[in-house]
Amino acid sequence: MSAGVGSGSLVRAASVTDVPPGWVLKVRVDTTELALANCGGEIIALENACSHAGGPLGDNRLKDGCHLECPWHNSVFDARTGEVVRGPARKAQKRYPVTVEDGSIYVSVE
């Protein structure tokens with residue numbers, strides 16, 4: 001999914017309805033691939049490439065509440081913080097600021 005430009009440094013990434021609770025959606029904002037996670041109604045934006053070996057985190061489901069598992073080597077991250085819950089990853093996932101307004105998800109990738 002490509003995103004259009006929103007106001008200021010925020011870019012529209014998706015609609016809230018595109019990311020149901022418990023799901024993760026891969027989107028592209030400008031040149032950055034993100035994984036948008038809906039953790040109990042809170043939308044979180046993380047870098048889509050796993051910090052271990054670059055595996056795709058988007059187009060996935062959250063596990064055990066708000067945990068995101070990489071399909072390549074099974075590293076698990078806490079989507080709320082980006083921190084590693086289980087390796088082999090050792091580095092936290094980068095998070096991006098999110099704003100939800102009028103049913104749209106806006107992300108700042110600057």
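Hydrogens, waters and symmetry mates play no part in the numbers below; they use all other heavy atoms, side chains included.
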Determine whether a donor-acceptor pair (N or O, by modelled atom type, separation under 3.5 Å) exists between the side chain of [X] and the backbone of [Y].
X     : Y      : answer
Asn38 : Val19  : yes
Ser9  : Ser108 : no
Glu47 : Gln93  : no

Can you list every pair that meets salt bridge (Lys or Arg N to Asp or Glu O under 4.0 Å) and has a residue in residues 72-87, with sequence neighbours left out?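 Sorted pair list: Glu69-Arg86, Asp78-Arg80.
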
Which heavy atom of Leu34 sits nearest to which heavy atom of Ala45, and what is that distance?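 Heavy atoms only, the tightest pair is CD1-CB, 4.5 Å.
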
Which pair of non-hydrogen atoms, one from Ala37 and one from Ala79, has the smallest distance, and what is that distance?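 Shortest heavy-atom contact: CB-CB, 4.3 Å.
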
Do you reckon Val29 sits in the same ILVMFWY cluster as Val16, going by side-chain contacts under 4.5 Å, direct or chained?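 Per the 4.5 Å side-chain linkage, Val29 and Val16 are co-clustered.
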
Rounded to the nearest 0.5 Å, what separates atom [atom1] in [X] from atom [atom2] in [Y]?
X     : Y      : atom1 : atom2 : answer
Ser75 : Arg90  : OG    : CZ    : 10.5 Å
Ile44 : Leu62  : CD1   : CG    : 7.5 Å
Leu10 : Ser104 : CG    : OG    : 11.5 Å

Can you list, by chain and residue number, the hydrophobic cluster partners of Val76 when the side-chain cut-off is 4.5 Å?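 Answer for Val76: Val85.
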
[X] vs [Y] side-chain heavy atoms within contact, under 4.5 Å:
X      : Y      : value
Thr32  : Tyr96  : yes
Phe77  : Val84  : yes
Ile105 : Val98  : yes
Val24  : Asp59  : no
Leu36  : Val107 : yes

Only one of Asn60, Asp18, Asn48, Ile43 clears side-chain contact (heavy atoms from CB on, under 4.5 Å) with Leu25; which?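 Of the listed residues Asn60, Asp18, Asn48, Ile43, the side-chain contact (heavy atoms from CB on, under 4.5 Å) partner of Leu25 is Asp18.
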
For Trp72, the option from Pro88, Pro56, Cys50 that meets side-chain contact (heavy atoms from CB on, under 4.5 Å):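 Looking at Pro88, Pro56, Cys50, the match for Trp72 under the side-chain contact (heavy atoms from CB on, under 4.5 Å) is Pro56.
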
